[in-house]
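Notes follow the structure.
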Amino acid sequence: MENFKHTFENCSLSFAFGAVTGKWKPYIIWYLSEAPGGVCRYGELKRRVPYKISHKIFTQQLQEMERDNIILRTEYDEKPLRVEYTLTEAGWLLVPAVYFMRDWGAIANPKFTKDDLLSRSRGKHEDGKLIYSHSSENGEREVNITFKY
């Protein structure tokens with residue numbers, strides 16, 4: 001670390017925001033996390049995201065997320081070709097943050113009510129708090145976010 005030069009290109013915050021920015025990336029993370037078994041084929045995933053997205057943009061977002069190790073794209077040698085998407089471990093570690101950001105939006109935007117927040121939250125309700133968490137399968141990594149509302 002002695003010769004480390006802090007630049008925009010090697011900044012972890014820059015990488016993190018670059019990996020999740022893009023109009024559709026948070027939705028892709030959300031809907032993959034909600035999919036049965038956490039697995040979706042391309043068409044199914046595109047249908048799960050309830051907004052109009054062009055094939056080109058949706059594919060571009062998926063490719064960027066694959067490049068940044070958020071999702072895994074698996075091709076099966078079948079006719080027709082079957083492609084499935086899943087969250088990687090790094091992607092699953094983002095899920096609590098995405099859930100928190102949704103709930104933060106419900107609190108910060110005056111057009112939403114506390115009922116909106118609580119009725120749709122994916123956080124665990126506990127003593128006036130919402131708790132979002134994920135632990136890796138091997139227990140090496142864990143995310144816990146607590147939001148007092």
Side-chain angles (χ1 to χ4, degrees), residues 1 4 6-55 57-76 82-149:
M1 265 332 248
F4 179 78
H6 190 81
T7 66
F8 183 76
E9 290 76 24
N10 67 12
C11 176
S12 58
L13 184 61
S14 175
F15 173 80
F17 276 102
V20 297
T21 55
K23 190 172 183 177
W24 307 112
K25 290 177 185 179
Y27 297 97
I28 292 168
I29 293 167
W30 180 287
Y31 288 103
L32 268 177
S33 75
E34 298 283 313
V39 178
C40 272
R41 292 176 74 169
Y42 174 89
E44 176 189 1
L45 181 56
K46 195 164 184 296
R47 281 189 300 277
R48 290 177 76 77
V49 178
Y51 307 106
K52 292 185 180 185
I53 311 166
S54 73
H55 168 73
I57 297 300
F58 196 67
T59 300
Q60 180 182 12
Q61 299 274 279
L62 291 170
Q63 289 170 343
E64 290 172 8
M65 293 174 76
E66 184 181 13
R67 176 199 68 208
D68 293 332
N69 192 37
I70 296 171
I71 63 171
L72 177 65
R73 180 181 188 271
T74 305
E75 278 188 22
Y76 295 91
R82 180 169 54 115
V83 177
E84 293 180 341
Y85 294 92
T86 57
L87 290 167
T88 62
E89 184 57 39
W92 279 107
L93 291 170
L94 277 171
V95 170
V98 171
Y99 288 175
F100 164 78
M101 291 297 292
R102 181 260 164 217
D103 290 349
W104 175 87
I107 288 288
N109 188 332
K111 74 178 181 180
F112 297 107
T113 67
K114 186 176 175 181
D115 288 339
D116 292 326
L117 165 72
L118 297 176
S119 67
R120 297 179 12 213
S121 178
R122 296 298 191 261
K124 178 180 158 192
H125 301 246
E126 191 175 288
D127 299 325
K129 297 175 186 171
L130 291 169
I131 301 167
Y132 318 86
S133 61
H134 173 78
S135 296
S136 61
E137 287 183 24
N138 61 11
E140 287 183 10
R141 294 189 173 98
E142 185 176 307
V143 173
N144 291 293
I145 301 170
T146 301
F147 184 28
K148 186 175 180 181
Y149 56 88

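The figures that follow rest on heavy atoms only: side chains count, while hydrogens, waters and symmetry mates do not.
Interatomic distance, F100 CZ to L130 CG, rounded to the nearest 0.5 Å: 10.0 Å. With values rounded to the nearest 0.5 angstrom, I71 atom CD1 is found 9.5 Å from Q63 atom CD. Residue S119 holds its OG atom at 12.5 Å from NZ of K114, rounded to the nearest 0.5 Å. The CG atom of L32 lies 10.0 Å from the OG1 atom of T88; values are rounded to the nearest 0.5 Å. Interatomic distance, CD1 of I70 versus CD1 of I29, reported as 5.0 Å (0.5 Å rounding). Distance check: Y27 OH to F58 CZ gives 13.0 Å after rounding to the nearest 0.5 Å.
Among W104, Y132, F147, the single residue meeting the side-chain contact (heavy atoms from CB on, under 4.5 Å) criterion with Y99 is Y132. Of the listed residues (R41, R82, E84), just one forms a side chain to side chain donor-acceptor pair (under 3.5 Å) with Y76, and that residue is E84.
For CZ of R141, the number of neighbouring non-hydrogen atoms (other residues, nucleotides, ligands) closer than 6.0 Å is 12 at most. Heavy-atom contacts from other residues, nucleotides or ligands closer than 6.0 Å to OH of Y149 number more than 12.
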Which is it for E89 and H134 under the side-chain contact (heavy atoms from CB on, under 4.5 Å) test, yes or no, and what are the steps along the way?
-> CA-CA 10 Å; E89 184 57 39; H134 173 78; 3.0 Å; yes
Carefully, step by step, assess H125 and L118 under the rule side-chain contact (heavy atoms from CB on, under 4.5 Å).
-> CA-CA 8 Å; H125 301 246; L118 297 176; 3.4 Å; yes
side-chain contact (heavy atoms from CB on, under 4.5 Å) between L45 and L62, worked out = CA-CA 10 Å; L45 181 56; L62 291 170; 3.9 Å; yes
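Counted by atom type alone, T113 and D115 present zero donor-acceptor pairs between their side chains at under 3.5 Å.
A salt bridge links K25 and E64; the closest N-O separation between the charged side-chain nitrogens and carboxylate oxygens is under 4.0 Å.
Closest non-hydrogen pair, I53 versus K46, comes out as O-NZ, 2.6 Å. Across all non-hydrogen atoms, the minimal contact from N144 to S133 is OD1-CB, 3.0 Å. Contact detail for D103 and G123: the closest heavy-atom pair is OD2-N, 4.4 Å. Contact detail for H55 and Y42: the closest heavy-atom pair is ND1-OH, 2.7 Å. Shown here for W30 and R102, the closest heavy-atom pair between the two residues is CZ3-CB, 3.8 Å. Nearest heavy atoms, I28 versus Q61: CD1-CB, 4.0 Å.
Remark: the backbone N or O of R120 is paired with a side-chain donor or acceptor of R122 at under 3.5 angstrom.
Side-chain contact between M101 and P26 is absent, with no heavy-atom pair separated by less than 4.5 Å.
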